[in-house]
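For this chain, numbers begin at 1 and follow the sequence in order. Treat the numbers as computed from the prediction; the structure is a model and nothing was measured.
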Amino acid sequence: MRKNSIKNTRINGEVQKVLAEIIRKEIKDPRISPWTSVVAVEVAPDLKSCKAWISVLGGEDACKKTIEGLNSAMGYIRRQLAHTINLRNTPEITFVMDQSIAYGVNMSHKIDEVMAQDRQSAIQRGETVELSEDEEASEDELDDDEDLDDEEKVEE
């Protein structure tokens with residue numbers, strides 16, 4: 001079986017789905033964060049090993065504790081996986097922390113900061129600044145909030 005075959009892709013998807021269900025519903029380890037998700041799974045073509053990319057919403061400490069908890073529950077997870085999915089071999093799972101979501105959020109914040117600095121420098125130079133759709137929406141919300149404040153003052 002090739003690594004990119006349709007069969008391997010289906011196995012990857014099924015293992016990911018079942019693994020997420022096991023982690024979310026069946027494991028009661030307090031070290032495992034309730035905000036844990038299985039981002040991707042890659043099962044080897046010989047079905048002997050599997051890499052599971054895990055994402056945890058929280059700090060570095062929550063990530064470390066979650067990986068420790070998952071490694072501790074490895075036997076239980078494999079047994080449940082074997083009962084749920086009918087494969088010739090039940091793969092040995094390696095949990096890998098996936099930082100792509102946190103990286104994306106961090107990059108988004110950095111881009112917003114640079115855009116704000118650029119806008120401020122353009123205003124200081126006296127140039128006209130065009131607002132993006134997100135900024136226009138947030139300004140509209142601010143205007144609506146000011147209108148509500150004015151209405152509340154009139155009612156008092």
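- With values rounded to the nearest 0.5 angstrom, N71 atom CG is found 5.0 Å from M74 atom CE.
- Residues meeting the side chain to side chain contact (heavy atoms under 4.5 Å, CB included) test with E68, sequence neighbours left out: R31.
- In this structure, D118 contributes its side chain and V114 its backbone to no donor-acceptor pair below 3.5 Å.
- Salt bridge E21/R24: present, at least one basic N to carboxylate O contact under 4.0 Å.
- Taking all atoms of both residues into account, the shortest heavy-atom contact from V38 to I23 is CG2-CD1, 3.9 Å.
- A single hydrophobic cluster is seen to contain both Y76 and V15, as judged by linkage of ILVMFWY side chains at heavy-atom distances under 4.5 Å, directly or through other members.
- Residues F95 and K51 are not in side-chain contact: their nearest non-hydrogen atoms beyond the backbone lie 4.5 Å or more apart.
- Using a distance-only test at 3.5 Å, with no hydrogens or angles considered, a donor-acceptor pair links the side chain of D46 to the main chain of K48.
- Judged as a salt bridge (charged side-chain N to carboxylate O under 4.0 Å, His left out), the pairs with a partner in residues 87-101 (not counting sequence neighbours) are, in order, R78-E92.
- Here the straight-line distance linking atom CD of E113 with atom NE2 of H109 works out to 8.5 Å at 0.5 Å rounding.
- E42 contributes no side-chain N or O that, together with a main-chain N or O of C50, makes up a donor-acceptor pair within less than 3.5 Å.
- In terms of heavy-atom proximity, I22 sits nearest to L81 at CD1-N, 3.8 Å.
- Of all the heavy atoms in P45 and N8, the pair that sits closest is CA-ND2, 3.8 Å.
- Neither V18 nor W53 shares a network with the other; the hydrophobic side chains, linked directly or stepwise wherever heavy atoms of I, L, V, M, F, W or Y lie under 4.5 Å apart, form separate groups for each.
- Inter-residue side-chain proximity for R10 and E14 is flagged as unmet; no heavy-atom pair is nearer than 4.5 Å.
- Here the closest heavy-atom approach between residue G69 and residue D29 is recorded as CA-OD2, 3.5 Å.
- A 4.5 Å side-chain heavy-atom check between I54 and S37 finds every atom pair outside the cut-off.
- When side chains are defined from C-beta on, D61 counts as touching K65, because their heavy atoms get closer than 4.5 Å.
- Considering all non-hydrogen atoms of both residues, I67 and M97 come closest at CG1-CE, 3.3 Å.
- A 4.5 Å side-chain heavy-atom check between S121 and R125 finds at least one atom pair inside the cut-off.
- Under the 4.5 Å side-chain heavy-atom criterion for grouping Ile, Leu, Val, Met, Phe, Trp and Tyr, I93 is connected to I27 within one hydrophobic cluster.
- Taking each heavy atom of T66 and S33 in turn, the nearest pair found is OG1-N, 3.2 Å.
- Hydrophobic clustering, with ILVMFWY side chains joined whenever heavy atoms are under 4.5 angstrom apart, keeps V96 apart from I32.
- Of the possible polar contacts, none joining the S108 side chain to the G104 backbone as a donor-acceptor pair under 3.5 Å is found.
- In this structure, CG on L47 lies 5.0 Å from CD1 on I11, to the nearest 0.5 angstrom.
- Note that CD1 of I85 and CG of L19 are 8.5 Å apart. Values are rounded to the nearest 0.5 Å.
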